[in-house]
Amino acid sequence: MSKKYTITTPIYYVNSVPHIGTALTTLAADVTSRYQKIRGRDVFFLTGTDENGLKVKEAAEKAGKSPMDFVDEISSKFKEIWPGLYIEFDDFIRTTEPRHREAVQAFFSILQEKGHIYSGSYEGWYDVSSETFFKESDLVDGLSPDGNEVRWVKEDNYFFRMSAFQEPLLAHIEANPNFILPESRKNEVLSFIKQGLRDVCISRANPGWGIPVPGDDSQVVYVWFDALINYVAATGWPNPGWESRWPAEVQWMGKDILTRFHATLWPAMLMGVELPLPEALVGHAWLMSGTEKISKSKGNVVAPLDVATSLATRAGCTPEVAIDAVRYYMASVMPMDTDATYTHDEFDRLYNTDLANDLGNALNRSLAMSHKFVDGVIPGGVVETDAAQAIDDAKAKFDKAMVTFRVDHAADAALSVVRFLNKYIDTRAPWALAKNSDPALHAVLRSMLLCLRTAEGLIRPIMPKTADAIAAQLGLPSLTIWDAIGSEESLPAGVKVSLPQPIFPRLDLTKKQEPKKMDTPKPQPAPTPAPAPEVPTEITIDDFAKVKLKVGRVLEAEPLEGSDKLMKLQVVIGEEKRQIVAGIRKNYTAEDLIGRQVIVCVNLKPAKLRGTESQGMLLAATDTDGGAILLQPDREAPEGTGVR
RNA sequence: GGCGGCGUAGCUCAGUUGGUUAGAGCGAACGGUUCAUACCCGUUAGGUCACCUGUUCAAAUCAGGUCGCCGCUACCA
């Protein structure tokens with residue numbers, strides 16, 4: 001059996017719906033899939049839903065449903081949404097399916113047999129929301145780095161000996177430059193792994209939901225470990241025949257789950273069971289939803305289908321074309337190295353310039369001229385060399401972009417032939433040729449139509465419905481074979497083209513022109529009240545007043561367990577009592593501190609240090625050796641008095 | 001703190017291996033055209049290629065340093 005070209009997206013958690021950020025991943029995979037199909041590959045495009053986490057169980061309970069009913073409902077919703085964006089997956093796997101459970105248990109057992117799993121006890125913080133374990137030091141303000149709640153768990157668990165795979169992983173990444181893309185992510189992964197991998201806990205106490213550890217029903221497989229196995233489960237593994245679908249040629253995902261999971265845990269797991277590693281892991285960046293008024297809470301999500309509906313209403317295009325336009329937008333901006341920002345204006349602009357003005361209008365004017373000058377029949381003859389060159393260049397650029405999965409560059413390549421066409425029309429001026437009965441007219445019109453035929457083929461992976469519409473207006477069947485794109489044969493002479501029908505009605509952007517407050521260019525104060533960086537510039541008295549300092553008295557002091565520098569203090573500041581953690585153990589003992597007056601910054605954002613909350617900061621000078629020299633009022637000051 | 005990256009026209013960015021007048025798209029101004037969805041085409045903007053110092057016959061492109069921004073990572077208060 002010949003090997004299929006396998007493309008995967010992550011499986012999505014069933015507790016959210018796709019928004020323009022997460023749809024990005026699936027779209028990228030779909031564009032890759034459609035391109036490879038046109039190139040003649042037998043594609044296996046896999047997506048699905050992740051349904052086993054503790055989070056799912058809790059969400060179900062909150063919704064007053066049984067977990068199974070809950071995931072059935074939401075998973076099917078997911079499955080229905082993707083086709084609405086013309087996502088054509090070949091398989092949709094759910095982690096509650098028997099095939100997945102079997103694969104996970106087989107995977108676990110093999111790792112156990114090979115000695116990569118041992119039992120131990122785990123104690124630490126667990127973020128249910130992202131189903132991730134964190135070290136004490138990972139926490140920020142008592143929350144996960146992502147700002148989620150964490151809970152302390154202490155259990156006897158199974159551990160995966162990931163540490164053993166550090167060197168093989170590094171070697172593989174170094175030896176395969178395209179294993180992790182883009183390159184900036186690869187560097188991050190390398191430095192992450194070089195810092196040292198530790199063994200990971202891969203099971204949890206069985207909450208009555210999840211995949212039981214083989215031979216130990218008291219435990220379920222840790223959801224991330226479980227989830228990753230979907231990729232091979234869907235290929236049929238461990239049953240015969242999986243080799244035709246694994247390894248994946250490309251696994252698409254967002255950058256957030258690349259480093260720890262897909263580029264570290266996942267390949268280590270595969271090495272453990274001795275399965276081949278995927279060819280490429282691509283972690284794109286995010287598309288942030290931003291409006292002019294930035295709302296700090298990430299509440300304003302943009303749903304791709306809503307954008308499409310809005311466009312269809314405002315521009316008057318068909319719903320199909322509107323969805324294609326959204327696909328084109330997402331493909332065009334496909335952020336890789338850094339995050340991009342979505343704005344309605346930017347979307348509208350791209351629609352008008354690239355799709356309405358360039359592509360749509362080029363088709364429109366070319367067809368109009370065909371009817372005007374050659375009775376609407378595709379002329380024969382030879383395509384002019386510069387047009388042929390432009391066509392070849394665009395194809396080559398598209399191919400080159402897709403080798404490294406640069407969907408954004410591919411979109412640009414597809415449009416490049418259209419941009420050429422508009423210039424070409426202007427240069428060759430068919431209307432002038434017609435007027436003078438110049439024999440070059442036929443070749444020029446043919447060249448124009450072939451450019452459009454090429455654009456149809458190149459844009460098809462990104463805008464399938466639009467491509468069909470272009471083909472229809474050219475009076476030709478859809479062009480779905482890569483080698484035929486741009487060929488003379490793809491444009492049979494004598495075929496009657498249809499009358500032009502605008503595919504992308506232009507948006508009138510003038511009426512909703514927002515009043516630009518150019519005359520009052522007030523410097524927007526940064527909405528983030530972040531701790532002001534210590535710039536050595538002058539500050540005003542107002543700046544200084546922001547720092548609230550008060551006199552406090554140390555009531556209790558004890559070394560903070562698990563730390564070698566930190567001291568945990570209870571400080572009375574006037575009426576209130578605060579817990580402060582300070583890195584002063586090097587120079588002070590608890591006895592030195594108790595009863596002593598100190599200067600405290602009382603409006604510093606609280607922080608967790610070694611898991612203990614610190615609600616302020618002691619002022620101290622820095623000694624030459626880096627130690628602390630505490631500030632103290634010259635004589636006993638009134639309790640809780642301000643300092644300035 | 002460590003590692004990595006970035007800082008190029010008003011805006012968004014290309015410029016992997018150093019070499020003639022530094023590019024594209026968008027926006028703006030001006031001009032042209034009429035086949036077309038008031039579209040398209042061309043020209044222009046005098047860009048200190050963040051800054052400094054080096055290497056070189058020659059640097060946006062290499063080395064060192066400075067400033068600013070970002071990512072990853074870290075018992076940093």
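Sequence lines set the chain letters: A, B, ... in the order given, protein chains first and strands last, and positions in each chain run from 1.
- As rounded to whole Å, 14 Å separates atom C1' of B:C41 from atom CE of A:Met448.
- One can place CG of A:Asp412 at 12 Å from P of B:G15, the figure rounded to the nearest angstrom.
- Protein atom CG of A:Asp408 is 13 Å distant from nucleotide atom C1' of B:G25, rounded to whole Å.
- Summarising the geometry, the separation between CG on A:Asp345 and C1' on B:G27 is reported as 13 Å, rounded to the nearest angstrom.
- Across the C1' atoms, B:U44 and B:G10 are found 14 Å apart, a figure rounded to whole Å.
- For residues 420-440 of chain A, proximity to RNA chain B is found at A:Asn422, A:Lys423, A:Asp426, A:Trp431, defined as any non-hydrogen atom under 4.0 angstrom from a strand atom.
- In this structure, CE in A:Met463 is found 13.0 Å from CD1 in A:Ile323, a value given to the nearest 0.5 Å.
- As rounded to whole Å, 20 Å separates atom P of B:G25 from atom OH of A:Tyr329.
- Summarising the geometry, the separation between CG on A:Asn352 and P on B:A38 is reported as 11 Å, rounded to the nearest angstrom.
- Contact annotation for A:Ile503: base contact, defined as any heavy-atom pair under 4.0 Å involving a base atom.
- Rounded to the nearest Å, the gap between the P atom of B:A24 and that of B:G15 is 15 Å.
- Sorted by residue number, the members of residues 358-370 of chain A with any non-hydrogen atom under 4.0 Å from RNA chain B read A:Asp358, A:Gly360, A:Asn361, A:Asn364, A:Arg365, A:Ala368, A:Met369.
- For the pair A:Ile193 CD1 and B:A74 P, the computed distance is 14 Å after rounding to whole Å.
- Distances shown here put every side-chain N or O of A:Lys186 at or beyond 4.0 Å from the OP1 or OP2 atom of B:G4.
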Discussion item. Only Watson-Crick and G-U wobble pairs with both distances less than 3.5 Å should count. Give RNA chain B in dot-bracket notation, marking inter-strand partners with |.
Written reply: (((((((..((((.....[...)))).(((((.......))))).....(((((..]....))))))))))))....

